[in-house]
Each structure stands twice: as structure tokens, then as C-alpha cells.
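Here the structure is a predicted model, which means the values were calculated and not measured.
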Amino acid sequence: MTNDTTGLHEECGVFGVWSPEKLKAAEMIYCGLIALQHRGQESAGIVTCDTMGPIGNISAHKGMGLVSEVFRSTTLEKLRGNIGIGHVRYSTTGGSIEENAQPIFLNYSKGTLALAHNGNITNAETFRRELQDEGAIFGGTTDSEVIAYKIARERMRAASIEEAAARVARELKGGYCLLLLSPQKLTGVRDPLGLKPLCIGRRGSAYILASESTALAAVGADFVRDVEPGEIVTITKEGIKSNNFAQASKKAHCVFEYIYFARLDSVIDGVSVYDARVRGGRALAERYPVEADVVTGVPDSGLAAAAGYSEAAGLPFRLAFAKNNYVGRTFIKPDQSERISAVHMKLRVIEEVVRGKRVVLVDDSIVRGTTMAGLIDEMRKAGAKEVHVRISSPPFLYPCYYGTDVPNNSQLLASEHSTEEIRQRIGADSLGYMKLEDLEKMTGGLSLCKACFDNNYPV
């Protein structure tokens, strides 16, 4: 994605492991988090527990930075245990502080609890005020901490941690998946609409919960299934137990997972992310044919859609950008000036590909448009005759409240400008957006949340 947004919400990655045998869970979690690094690059954390030793023997470490920066071999060695959870986070502006790093870890009268959360809870402030009235003191500012405190409080009246989690989950509004670690259990929770992804894997006798299937492959685990919307899964020495805590009349899987967030090699709710993006590119070619010489995509999430466009249009696909992989994703830079400078360091036009050519340039979205305008300008400087932009999502018109970091309307270019006005602002010869009705085709008919495009919020 080449947009330069300033967002109010967060998107993260979670990974958990439970093994009945002696296992260095921290090392497996580390590898899983590396595979999920694209979901958050500002903080990382791991909490482990050794069920082979005294109950409650929990170790934790978290900090700011990439997974490889937060954890060294000496750090991982201290995180002993055969079960554990991990988290990578990308924060909101103003929220990139160590106090907000996860997993959240609590000691309370019935024991200990660690929580890792992906998503956004729209009624979190109501619960925060209730808990503060009861004497809770929060160290950070995230809704994740509110959820952890609320589950710990409910555990005082519940027979088990999963029962407490189910009671709390029924009250939560928004999109979320949760991993809970207690001294003997690993618990996963997915919101009733299925807005946020969560899947189950297995390696030998060990069970794994992860945001994406690519993280399972990274640790040599086999994909078992997705956690169903409204389902709680609990893993103990007795095996895996399932409980459906809520049934929604409809599902609303986040379309942005398939457009941008998830890795190409992931399969989410039975849909290959790669195939979805290729189908999206084909739909663009059918909707917006143009006489051109070459098709290219903006790395990385625009490439598969560009390949699909190329196939459907019968035009050659070429890589037109050299990418510096040591510059972080521009979408998750918290400061606007950081985002712009990161884009220029990250992508350089390959002149030989575009010189004298009519180019179709495919990307996943335009939010503010300044970065796309910069890329088009660089392509023209490199000798491109024409640049025709195709976007594999509809125009962003409304904010997202469920954790995808689409900002408010005043920051959305399409909310105040027509497609033709945007075309002129970015300097493209033509501009075509994905049609709303093509999104279901892209995901094989999967029920989707498209609120940031059509204002139809499922919660």
C-alpha cells in the first residue's frame, strides 16, 4: 500500500502455542511473530508459562521495535515454558509507547492472565469508566487492557477463564480476536462477525493459534481450521475444546485482509489471499481496459492484482520498482513526514521498464493520494509516456471502527473529490477503482465488511 494515512485504530498479529510436552515455546512464538511482522512493526511481546514446573511460573518480555530487535537469543532463553502467546502491534498516532505493547499481563486474586488482542472495540470506553469506578488503574491507553481487566474481574465469578471470556465477549462490540494465557490453558476467541482472522494449527502434539495460516507454515505446523466467528477454543492437556458463545445472523469478514493486510501465502476463511488479489486484478481489467504496453504493480500488495490485470488484458507484466526491503511498511509509520520519506527510500523506478511505455500501474488503494502522485511523477521522470492507474479497492469514503486504520472523512481524498478530480490531483492519464459488486467475486462470495466503502457498518 502506498497511502499515507494517519489512523485512529490498530491492526496487529497474534500467535500462541500449547504443548503437552517439553518445548521451547518462546522460540516457536518468535518464528511465528516474524511471519506476522507485516501486521505490526512498532512493538512486540511474548509471555510463556511452564506447565511442567510450579503452577504460575510465567515469564514475559516486550518492547518497542521489530521482533528481531525486541528479542535476542539471551532474551528468548529466559522465557521458559511449553505454552505461551505473542503479539506484534502497529499503533495509532500518539499510541506508540511501551505501555501499550502487548501481551497485557495481569496478576489478580485468582491467579495470572496474559492477553494478546487484534482489532478494535467500539464500546471500550464504557467499560473503562466502569472499571475505573471500581478502582482499576490502567497503565496504557488501549482497549486491549480494558478487555484484560474485564475478563480478570469476570473470572472472580466464573468457573473457568473461558467462561469469563465468553461472558465478556458477548458484551464487546467491534472486531477482535483474543488469545488468553492462564497457567494451564491457551484460549482463543473470535468475534461473532468474523471481522478479525484466527486459525488453528498443529505440529505433532502441539496446538497453535495464529492470525494467519502463513505463521503456521513458518513453524512447520499443519493448518487444522479457522476459528469460527463467535467461537472460543480452549486448549489444555485434555485436548482442544470448542464453545460457540454467540451466533450472528450474518458474517462480515474484513475485506481489507484480502486487499492488503494479509500475506500473499495465507488462506483466510477458505479463501487464498493470492487468488483473491489476482481475481481483483482481472475484474479491474474487465471494467477498465486501456491501450497500454506494460502492466506493473506497487510492491508488495499491488503485485498480485497487477498480475491478474496482465492476464485478463493480455499485456506483459513487469516489475517497475526496485524495493528496499530494509525500510518498514509506509502504511504503519505513525508520523506523516516519516511515511513520505520512507516511501522515497523504499521504492525506486526502474527506468528500463517504463521508458517510452504506456504503463498500467496497479495498487491496492488511494487514501490521501500524495504518495501515488509522487510515484507517478517519478515514472514520468523515468520516461513513461502514459500512466494509467487501477486500484483494487473501491474509493475509501468512510472511517473504519474495527481496527483497519482508515481515518476520518476529512482525511479521505475520495470523500471530497470525484474520481476525475483525484485523477487530476495524482497526475494519472486515467483512473479506475474496483467496483463494490466485484468485491464478492474477488473473495469467492464470502460475506464481507465493506463499511469503509459503503457506510454499511455491521456493528
Side-chain angles (χ1 to χ4, degrees), residues 5-16 33 36 39-47 60-65 67 70 85-108 112-154 164-165 168-169 171-181 187-191 195-196 198 211 254 261 331-335 399-408 459:
T5 63
T6 301
L8 303 174
H9 312 298
E10 64 184 70
E11 181 76 34
C12 307
V14 299
F15 187 95
L33 294 182
L36 295 173
R39 300 185 70 89
Q41 297 177 332
E42 291 185 21
S43 68
I46 295 175
V47 175
H61 182 78
K62 57 185 177 179
M64 304 303 294
V67 177
V70 174
I85 59 175
H87 187 271
V88 288
R89 181 173 188 259
Y90 117 61
S91 73
T92 64
T93 301
S96 184
I97 55 176
E98 190 161 354
E99 287 79 4
N100 288 339
Q102 294 187 44
I104 306 295
F105 182 69
L106 297 178
N107 283 302
Y108 63 108
T112 56
L113 169 69
L115 175 143
H117 167 223
N118 170 33
N120 194 64
I121 307 302
T122 59
N123 59 343
E125 282 308 307
T126 300
F127 299 134
R128 182 184 294 274
R129 289 191 293 270
E130 290 176 1
L131 291 165
Q132 286 174 330
D133 289 343
E134 295 178 8
I137 300 174
F138 296 97
T141 59
T142 66
D143 49 7
S144 308
E145 193 174 14
V146 173
I147 298 169
Y149 270 90
K150 193 165 175 60
I151 290 174
R153 185 186 68 170
E154 196 62 42
V168 172
E171 297 183 55
L172 300 179
K173 294 181 180 179
Y176 59 88
C177 73
L178 309 172
L179 293 188
L180 303 169
L181 181 72
T187 303
V189 187
R190 190 178 184 191
D191 69 81
L195 278 159
K196 297 302 172 188
L198 187 64
S211 291
C254 177
F261 266 118
F331 188 52
I332 62 176
K333 295 292 183 182
D335 178 75
C400 175
Y401 301 110
Y402 311 130
T404 303
D405 198 25
V406 178
N408 60 50
V459 179

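- A donor-acceptor pair is defined here as one N or O able to donate and one able to accept, closer than 3.5 Å; no such pair exists between the side chain of Asn118 and the backbone of Val14.
- Side chain of Tyr402 to backbone of Cys254: no donor-acceptor contact under 3.5 angstrom is found.
- Under a 3.5 Å cut-off, the side chain of Arg89 and the backbone N or O of Glu42 do not form any donor-acceptor pair.
- Partners of Tyr108 under the ring-ring contact (aromatic ring centres under 6.0 Å, His included) rule, at least two apart in sequence or in another chain, do not exist in this structure.
- The side-chain heavy atoms of Asp191 and Leu172, taken from C-beta on, include no pair separated by under 4.5 Å.
- For the pair Lys62/His87, no side-chain contact is recorded, criterion being any heavy-atom separation below 4.5 Å from C-beta on.
- The OH atom of Tyr149 lies 7.5 Å from the CD1 atom of Ile137; values are rounded to the nearest 0.5 Å.
- Distance check: Leu198 CG to Leu178 CG gives 9.0 Å after rounding to the nearest 0.5 Å.
- For the atom pair Phe127 CZ and Lys150 NZ, the distance stands at 4.5 Å (nearest 0.5 Å).
- For the pair Tyr401 and Val459, the minimum side-chain heavy-atom distance is 4.5 Å or more.
- The side-chain contact (heavy atoms from CB on, under 4.5 Å) check on Ala124 picks up Ile121, Asp143, with sequence neighbours excluded.
- Between atom OH of residue Tyr90 and atom CZ of residue Arg39 there is a gap of 11.0 Å, rounded to the nearest 0.5 Å.
- Residues satisfying the side-chain hydrogen bond (donor to acceptor under 3.5 Å, both in side chains) criterion with Glu125, sequence neighbours excluded, are Arg128.
- Closest non-hydrogen pair, Ser211 versus Cys12, comes out as OG-O, 4.3 Å.
- Note that the CG atom of Leu179 and the CG atom of Leu181 stand 9.0 Å from one another [nearest 0.5 Å].
- Under the side-chain contact (heavy atoms from CB on, under 4.5 Å) criterion, Glu99 pairs with Ile97, sequence neighbours left out.
- The minimum heavy-atom distance linking Val88 with Ala44 is given by the pair CG1-CB, 4.2 Å.
- In this view, Glu98 and Met64 satisfy the side-chain contact (heavy atoms from CB on, under 4.5 Å) rule, not counting sequence neighbours.
- Between the side chain of Lys196 and the backbone N or O of Gly174, no donor-acceptor pair lies under 3.5 Å.
- Remark: Leu180 CG to Ile85 CD1 distance equals 7.0 Å, nearest 0.5 Å.
- Every side-chain contact (heavy atoms from CB on, under 4.5 Å) that Ala148 has, sequence neighbours left out, goes to Ile104, Leu106, Leu115.
- At least one side-chain heavy atom of Leu33 sits less than 4.5 Å from a side-chain heavy atom of Ile46.
- For Tyr176, there are no ring-ring contact (aromatic ring centres under 6.0 Å, His included) partners, not counting sequence neighbours.
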